[in-house]
Student: 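Pasting a structure below so you can have a look.
Chain identifiers are assigned alphabetically (A, B, ...) following the order of the sequence lines, protein sequences preceding nucleic acid strands; residue numbering begins at 1 within each chain. As the structure is a computational prediction, the values presented were derived from the model and not from experiment.
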Protein chains: 2
Amino acid sequence: MVRKEAHTHQPCVHHTNETHHSCVSLVPIFNHLEEEQMDEIMGTARSVSFKKGEIIYHAGDESDSLYIVNKGKVRIYRLSESGKEQLVRILNPGEYTGEYALFNESTHESYAEAIMNTSICMIRRTDLQHLLLKYPSISFKIITEFSKRLDQSETQTTRFATEKVETRIALFLAECLEDESNEFSLPMSKKDLASYLGTTPETISRKLADLEEQGLIKQKTHKRIEVLDLDGLLFV
Amino acid sequence: MVRKEAHTHQPCVHHTNETHHSCVSLVPIFNHLEEEQMDEIMGTARSVSFKKGEIIYHAGDESDSLYIVNKGKVRIYRLSESGKEQLVRILNPGEYTGEYALFNESTHESYAEAIMNTSICMIRRTDLQHLLLKYPSISFKIITEFSKRLDQSETQTTRFATEKVETRIALFLAECLEDESNEFSLPMSKKDLASYLGTTPETISRKLADLEEQGLIKQKTHKRIEVLDLDGLLFV
DNA sequence: CGGCTGCTTGAAGACTCTCAACTTCCGTGG
DNA sequence: CCACGGAAGTTGAGAGTCTTCAAGCAGCCG
């Protein structure tokens with residue numbers, strides 16, 4: 001159950017201003033600022049690239065930076081006390097990680113792995129502290145964002161604590177639905193989905209088949225799912 | 001499984017300066033400030049008392065305040081989509097809640113219930129915003145605190161996702177251990193503990209009996225537990 | 001002391017996992 | 001471009017773990 005440890009290649013480091021800028025302007029905690037203020041922030045950022053499969057940080061690593069995804073995708077996962085892996089979240093461009101080690105002057109509690117070629121902007125602790133003092137609205141954004149994520153995490157915990165697997169899957173599918181459409185592509189492999197939902201790939205397979213048999217969904221391809229009865233799904 | 005709804009009595013409202021002050025000085029996010037700054041904060045706070053069993057807020061309630069526990073204990077719980085209850089945390093004096101509704105200008109996602117006679121300090125959103133702008137170090141404290149809680153919540157989620165009940169109980173017991181002592185009292189009823197750990201009172205009973213049979217713990221009374229083999233407990 | 005609530009214990013059954021075999025998909029290299 | 005190999009996904013059978021239901025016991029407050 002423990003994931004094989006991927007090689008950590010030395011990531012290539014380069015500096016490009018456009019990259020910095022696009023990075024900063026992507027992030028909700030910064031992109032409410034004036035153009036010139038974002039320029040100031042991008043001046044403190046450092047851009048780093050990772051190839052698919054590279055580990056960005058390990059649990060236990062020290063770190064003094066915030067990691068903002070500029071391009072690509074990053075997989076955040078944890079290992080439990082008994083060594084089993086759980087997928088915590090997938091980061092898309094504009095999302096960030098590393099806040100625990102950053103604000104607690106401590107080590108990472110999770111693992112971050114590039115699941116495709118990815119470019120990351122890093123902002124160092126000292127630089128960020130200056131920014132927070134200079135622009136209090138950034139702090140406010142961060143606090144708002146964290147309280148939202150705290151809520152999501154607690155919602156997820158409550159689901160694990162009280163719902164059975166089929167319900168957790170059904171709720172997940174319902175949340176994947178964008179407005180206007182009944183159809184979507186799974187945002188991750190079913191193996192990762194199993195890890196995210198605290199179950200096994202076998203169970204995911206079987207439960208999706210069950211939901212299809214009940215006429216609630218239709219699996220068009222392995223990745224693509226059509227929701228036929230959203231209300232029914234929410235009552236599973 | 002759905003908890004019977006307790007009556008929400010009109011809480012008695014009173015104003016006492018000592019109460020305010022002790023409240024503010026209890027809280028890690030404020031008590032690093034100067035005496036006079038804490039006085040300023042306590043000037044904006046409002047003190048409210050709740051009797052044992054009273055509901056402080058419901059999921060869905062609107063709210064524009066931070067709730068800081070001054071005296072007593074508060075039980076924070078959530079209802080899952082299917083109506084089952086999960087205990088999220090117990091607040092002791094100096095701890096606070098209500099941040100989600102506060103910072104997202106939204107409604108509460110959880111329930112808060114006084115489990116003994118409790119006195120609460122409330123700080124309104126507008127007042128808090130002024131404080132955050134005036135004293136950026138408060139923002140920094142809050143961000144640090146939230147990232148810590150986020151980590152705890154994700155650790156808990158990972159445990160639910162990957163560990164079986166016996167392991168979750170063992171880890172919980174290990175965390176209850178204070179330094180120097182092998183013995184402690186459970187911080188809540190076994191019914192609440194079951195809810196917190198995502199299981200049933202019956203299973204808690206049985207697993208504690210199992211752990212005792214394995215020679216890892218000893219149940220001295222219903223509330224009091226002695227840990228005989230901490231390492232063994234962590235390897236369950 | 002009564003009654004309520006919480007706790008414990010037993011038995012049955014549901015749900016999910018594990019293991020194993022097979023199929024499908026996809027990227028790589030020839 | 002096709003073929004290959006490995007990973008991901010599916011399906012079946014069996015085994016565990018945990019819940020549910022039921023009944024009895026214990027502790028606590030009026």
Side-chain angles (χ1 to χ4, degrees), chain A residues 1-4 6 51-53 75 80 82-87 113 115-117 159-170 185-213 217 219-225 236, chain B residues 1-4 6 51-53 75 80 82-87 115-117 159-170 185-214 217 219-225 236:
Chain A
M1 184 65 90
V2 177
R3 166 165 268 252
K4 277 204 305 291
K51 295 225 181 71
K52 175 174 176 175
R75 195 173 169 283
S80 69
S82 59
K84 288 186 210 126
E85 172 185 323
Q86 195 224 350
L87 177 64
E113 172 192 353
I115 52 181
M116 49 177 70
N117 291 342
R159 281 188 194 165
F160 277 118
T162 61
E163 308 289 14
K164 49 189 183 183
V165 173
E166 192 170 64
T167 309
R168 302 206 296 268
I169 295 174
S185 290
L186 289 173
M188 58 184 101
S189 70
K190 290 185 181 170
K191 197 187 164 200
D192 277 348
L193 183 58
S195 167
Y196 181 69
L197 294 178
T199 182
T200 59
E202 293 94 323
T203 299
I204 294 276
S205 248
R206 283 188 255 267
K207 294 302 181 185
L208 286 179
D210 288 352
L211 292 173
E212 186 157 19
E213 212 165 282
I217 65 170
Q219 302 189 65
K220 315 201 93 165
T221 70
H222 281 297
K223 281 239 158 298
R224 205 145 181 84
I225 291 182
V236 168
Chain B
M1 185 63 89
V2 176
R3 169 164 265 253
K4 277 205 307 288
K51 293 225 182 74
K52 175 174 176 173
R75 197 173 167 281
S80 70
S82 58
K84 289 188 209 124
E85 173 184 323
Q86 195 225 350
L87 177 63
I115 52 181
M116 50 177 71
N117 291 343
R159 281 189 194 166
F160 278 118
T162 62
E163 308 288 14
K164 47 189 186 181
V165 172
E166 191 171 61
T167 309
R168 303 207 295 267
I169 295 175
S185 289
L186 288 173
M188 57 184 101
S189 70
K190 290 187 181 171
K191 196 187 165 199
D192 276 348
L193 183 57
S195 168
Y196 181 68
L197 295 178
T199 182
T200 60
E202 293 94 323
T203 299
I204 295 276
S205 246
R206 283 188 255 266
K207 294 303 181 185
L208 285 179
D210 287 352
L211 292 173
E212 185 156 19
E213 213 165 281
Q214 294 170 48
I217 65 170
Q219 301 189 64
K220 315 203 92 164
T221 70
H222 281 297
K223 281 238 156 300
R224 203 143 183 84
I225 291 182
V236 168

Student: By nearest nucleotide on DNA chain C, pick out whichever of A:Lys223 and B:Leu208 is the more 5' one.
Tutor: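 By nearest-heavy-atom nucleotide position, the 5'-most residue is B:Leu208.
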Student: Verify the contact: side-chain N or O of A:Thr200 to OP1 or OP2 of C:dC17, cut-off strictly under 4.0 Å; return yes or no.
Tutor: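 It does, given that an N or O in the side chain of A:Thr200 lies less than 4.0 Å from OP1 or OP2 of C:dC17.
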Student: Examine the side chains of A:Gln86 and A:Ser80 and answer whether a donor and an acceptor come within less than 3.5 Å of each other.
Tutor: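 Result is no, nothing qualifies.
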Student: Do you know the tightest heavy-atom contact between A:His222 and A:Leu186?
Tutor: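 Looks like O-CD1, 4.1 Å.
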Student: Heavy atoms, side chains only, cut-off 4.5 Å: are B:Ile169 and B:Glu166 in contact?
Tutor: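 No, side chains not in contact.
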Student: Do A:Pro201 and A:Lys191 have side chains that approach each other closer than 4.5 Å (heavy atoms only, starting at C-beta)?
Tutor: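 Yes; the side chains approach each other to less than 4.5 Å.
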Student: I need the CZ-P distance between B:Arg206 and C:dA11, as an integer number of Å.
Tutor: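 The answer, rounded to whole Å, is 11 Å.
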Student: How many whole angstroms separate atom CD1 of B:Ile204 from atom P of D:dT19?
Tutor: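 Atom-to-atom, B:Ile204 to D:dT19, this comes out as 9 Å.
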Student: Tell me what A:Lys52 touches on the nucleic acid: a base, only sugar-phosphate, or nothing, going by heavy atoms under 4.0 Å.
Tutor: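 The answer is nothing, as A:Lys52 stays clear of every strand by at least 4.0 Å.
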Student: Would you kindly give the CE-to-C1' distance between A:Met116 and C:dC26, to the nearest whole Å?
Tutor: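 Between C1' of C:dC26 and CE of A:Met116: 15 Å.
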Student: Can you find a donor-acceptor N/O pair under 3.5 angstrom joining the side chain of A:Glu202 to the base of C:dC19?
Tutor: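 Answer is yes: a donor-acceptor pair is held.
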Student: Given atom CZ of B:Phe160 and atom P of D:dC18, what is their separation to the nearest angstrom?
Tutor: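 The answer, rounded to whole Å, is 13 Å.
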Student: Which of the following nucleotides, C:dT16, D:dA26, C:dC19, is nearest to the side chain of B:His222?
Tutor: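 The closest nucleotide is D:dA26.
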Student: Please tell me which of B:Pro201 and A:Glu166 maps to the more 5' nucleotide of DNA chain C, matching each residue to the nucleotide holding its nearest heavy atom.
Tutor: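 Here B:Pro201 is the residue nearer the 5' end.
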Student: Please report the distance, rounded to the nearest Å, between CG in A:Leu186 and C1' in C:dC25.
Tutor: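 Nearest whole value for this atom pair: 15 Å.
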Student: Between atom NZ in B:Lys190 and atom P in D:dC25, what is the gap in whole Å?
Tutor: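 Interatomic distance, NZ of B:Lys190 to P of D:dC25: 18 Å.
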Student: Rounding to an integer number of Å, can you tell me how far B:Lys164 NZ sits from C:dC17 P?
Tutor: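 Distance, rounded to whole Å: 13 Å.
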Student: So does A:Lys191 get a side-chain nitrogen or oxygen closer than 4.0 Å to the phosphate oxygens (OP1/OP2) of D:dA8?
Tutor: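 Looking at the OP1 and OP2 atoms of D:dA8, one of them is under 4.0 Å from a side-chain N or O of A:Lys191.
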Student: Look at the side-chain N and O atoms of A:Thr203 and state whether any lies under 4.0 Å from the OP1 or OP2 oxygen of C:dC17.
Tutor: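 Yes, within the criterion.
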Student: Can you check the B:Asp210 CG to C:dG10 P distance for me, whole Å?
Tutor: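 Taking atom P of C:dG10 as the reference, CG of B:Asp210 is at 12 Å.
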Student: Under a 4.0 Å threshold between the charged nitrogen and the carboxylate oxygen, would A:Glu113 count as salt-bridged to A:Arg75?
Tutor: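 Looking at A:Glu113 together with A:Arg75, the answer is yes, because their closest N to O distance falls below 4.0 Å.
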Student: Do the side-chain N or O atoms of A:Lys207 get closer than 4.0 angstrom to the phosphate oxygens (OP1, OP2) of C:dC15?
Tutor: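 No, no such contact exists.
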Student: Base, sugar-phosphate alone, or nothing: which one does B:Ser189 contact when heavy atoms must sit under 4.0 Å apart?
Tutor: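 Counting heavy atoms under 4.0 Å across all strands, the contact made by B:Ser189 is with sugar-phosphate only.
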